[in-house]
Amino acid sequence: MLDVRTLRTELDAVKAGLARRRIDVSDLDRAAELDARQRAALSEAERLRAEVKRLSGEVGRARKQGDAATAERLAADSRALGEQQATRDAEASALAAELRDVMLQIPNLPADDAPDGAGPEENVVLRTVGGDRTWADHQRVPHWEIGEQLGILDPERATRMSGSMFNMYRGAGARLLRALVQLSLDRAADAWEEVRPPSVVRTDTMISTGHLPKFADDAYQVERDELWLIPTAEVPLTSMHAGEVLDEAELPRRYAAYTPCFRREAGSAGRDTRGLLRSHEFDKVELMAFATPAAAPAVHADIVARAEGILADLGLAYRVLDLCTGDLGFGNRRTFDLEAYAPGCDQWLEVSSVSWYGDFQARRSNTRYRPAEGKGTEFLHTLNGSVLGWPRVWAALVETHRRPDGRIDVPEVLRPYLGGAETLP
RNA sequence: GGAGGGGUGGCGGAGUGGACGAUCGCACCGCUCUUGAAAAGCGGCGGGGCGCAAGCCCCCGCGGGUUCGAAUCCCGCCCCCUCCGCCA
């Protein structure tokens with residue numbers, strides 16, 4: 001969430017920044033007003049509280065000196081003030097709760113250099129690699145057909161056991177998926193610690209990343225146990241150091257995690273129902289880092305480079321998008337999306353989203369660091385990006401590398417993970 | 001799931017209603033001494049909020065409550081440990 005203090009000193013600038021998202025910014029006025037009322041109530045409560053403490057001390061002293069009458073009189077005064085204080089306190093905490101509710105619903109400010117725009121159409125294509133390639137007829141077959149022909153995908157049975165938008169990979173298809181996951185974890189291992197976090201988390205953990213309270217409908221909830229299925233490994237990883245204060249010397253902290261991701265896809269019923277384009281459960285490898293503000297841009301660039309490197313080495317055509325302010329995710333200041341081209345279904349598929357959050361998430365999860373120079377603590381910056389969302393890569397890959405005989409050529413980098421196989425199945 | 005024990009500053013560990021945000025030790029930082037280091041001595045040494053400041057307030061796992069006054073008493077929750085049960 002945003003720092004409330006910025007609403008006191010630079011409300012207009014914050015409004016202008018948020019307006020670039022093309023959203024209604026009236027919540028900010030409400031937040032600023034709640035903040036002012038909250039602080040007024042709190043300082044009055046604190047003043048009364050100090051007086052109660054002072055009087056209580058005197059009660060003790062009077063009693064020690066055996067002056068029961070004075071003690072009783074002071075205790076009565078203190079009691080009266082205490083009642084006033086309780087009222088002001090209750091008022092202050094009700095206002096604080098209300099303020100927090102409002103603040104949790106307010107998205108992050110876009111970075112200054114994020115391109116302006118109203119929606120996805122205005123995202124900026126930074127570069128396209130392999131976009132001028134020509135595609136043969138045998139590559140113009142959608143992956144769901146390829147999956148059926150080769151027996152490597154079994155959506156019917158998956159649907160029977162779990163409902164629509166669930167998938168099942170079989171035989172060489174399942175092995176291919178596992179190979180992709182391993183390839184990407186291995187390629188991150190030089191600088192990113194591999195982690196296998198829980199796939200199910202508490203409500204607080206979901207709030208830290210910004211997935212709750214605003215986007216509850218998008219997530220699966222295990223109500224009986226007050227738990228949520230993670231929509232991405234970003235959720236547990238971002239809470240990795242919740243409540244901790246890290247030393248600047250141990251930064252950046254970088255983590256890589258492979259997890260299943262669960263999404264209800266509430267807003268997209270009926271869209272992309274065929275094949276692997278959109279699923280309630282999918283596998284992804286996520287890179288997530290905690291960095292100082294100064295180091296954040298370099299980490300951001302590193303994640304993009306790593307995601308891009310994998311796409312390039314898998315021989316896929318892809319492009320890199322700089323998301324415009326109108327398409328930026330709730331907590332993001334700047335995001336680069338990577339899209340792989342799938343020739344069979346003739347679509348650019350989002351396979352990675354690499355985001356810088358500033359201190360938006362760290363403020364929610366209370367994750368700080370102690371600067372090497374100077375006093376006190378500062379909130380960290382968080383960054384994360386997929387390397388990559390595997391079902392869509394799987395789709396682009398089998399379409400791109402489909403041979404005239406219908407089998408799939410295995411890109412060289414993947415062969416070590418598939419027993420040296422040059423083709424599948 | 002049942003029974004019992006426990007959560008205090010970076011660590012260890014006091015504190016069971018009255019000046020305690022907290023004795024003490026270790027670690028750490030500064031200074032003195034020393035060629036340097038060690039030792040010794042002196043001083044410092046958690047986080048957060050409000051305030052121009054002086055200062056005030058909050059935090060002893062978390063949230064409530066009792067009280068003039070709570071680290072201390074009561075209630076709920078979370079986590080850890082031991083034993084029992086169940087279990088891949």
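So that the names make sense, note that chain A is the first sequence line, chain B the second, and so on, each numbered from 1.
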Specify the separation, in whole Å, of atom [atom1] of [X] and atom [atom2] of [N].
X: A/D89; N: B/rG65; atom1: CG; atom2: P; result: 10 Å
X: A/L48; N: B/rC68; atom1: CG; atom2: P; result: 16 Å
X: A/K64; N: B/rG17; atom1: NZ; atom2: C1'; result: 12 Å
X: A/E72; N: B/rG18; atom1: CD; atom2: P; result: 18 Å
X: A/R49; N: B/rG21; atom1: CZ; atom2: P; result: 10 Å
X: A/D225; N: B/rG1; atom1: CG; atom2: C1'; result: 13 Å
X: A/L55; N: B/rG18; atom1: CG; atom2: C1'; result: 14 Å
X: A/E58; N: B/rG69; atom1: CD; atom2: C1'; result: 13 Å

[atom1] atoms of [N] and [M], separation to the nearest Å:
N: B/rC79; M: B/rC31; atom1: P; result: 47 Å
N: B/rA88; M: B/rU8; atom1: P; result: 36 Å
N: B/rC26; M: B/rA38; atom1: P; result: 15 Å
N: B/rC24; M: B/rA14; atom1: P; result: 15 Å
N: B/rC50; M: B/rG61; atom1: C1'; result: 26 Å
N: B/rG55; M: B/rC60; atom1: C1'; result: 24 Å
N: B/rG47; M: B/rC83; atom1: P; result: 39 Å
N: B/rU34; M: B/rG46; atom1: C1'; result: 33 Å

[X]/[Y] ion pair, N-O < 4.0 Å:
X: A/D283; Y: A/R178; value: no
X: A/R63; Y: A/D67; value: no
X: A/D27; Y: A/R30; value: no

For [N], give the paired nucleotide (Watson-Crick: N1-N3 plus N6-O4 or O6-N4; G-U: N1-O2 and O6-N3; both under 3.5 Å), or none.
N: B/rC77; value: B/rG61
N: B/rA27; value: none
N: B/rG55; value: B/rC50
N: B/rU34; value: none
N: B/rC86; value: none

Which listed nucleotide ([options]) is nearest to the side chain of [X]?
X: A/K53; options: B/rC68, B/rG47, B/rC58; answer: B/rC58
X: A/R370; options: B/rG18, B/rC56, B/rG46; answer: B/rG46
X: A/R39; options: B/rG46, B/rC68, B/rG51; answer: B/rG51
X: A/E46; options: B/rC68, B/rC57, B/rG47; answer: B/rC57
X: A/R202; options: B/rC78, B/rC68, B/rC50; answer: B/rC78

### Summary
By nearest-nucleotide position on RNA chain B, the 5'-leaning member of A/L74 and A/V245 is A/V245

### Message
By nearest heavy atom, map A/R79 and A/G60 onto RNA chain B; which one lands nearer the 5' end?
### Response
A/G60

Check whether any side-chain nitrogen or oxygen of [X] sits under 4.0 Å from OP1 or OP2 of [N], and answer yes or no.
X: A/R8; N: B/rC50; result: yes
X: A/S43; N: B/rG51; result: no
X: A/R47; N: B/rC57; result: no

Base, sugar-phosphate, or nothing: which does [X] touch, judged by heavy atoms less than 4.0 Å apart?
X: A/R5; answer: sugar-phosphate
X: A/R73; answer: nothing
X: A/S78; answer: sugar-phosphate
X: A/R368; answer: sugar-phosphate

### Query
Is the shortest heavy-atom distance from the side chain of A/I207 to the side chain of A/R364 under 4.5 Å?
yes

### Query
Under 3.5 Å, is there a donor-acceptor pair between the side chain of A/R21 and the main chain of A/L328?
yes

### Task
Go through the steps for A/E286 and A/K284 under the test salt bridge (charged side-chain N to carboxylate O under 4.0 Å, His left out), then give the verdict.
CA-CA 6 Å; A/E286 187 80 0; A/K284 180 162 67 64; 2.7 Å; yes

### Task
Indicate, with yes or no, if the rings of A/F360 and A/F330 have centres closer together than 6.0 Å.
yes

### Query
For the rings on A/F336 and A/H300, is their centre-to-centre separation under 6.0 Å?
yes

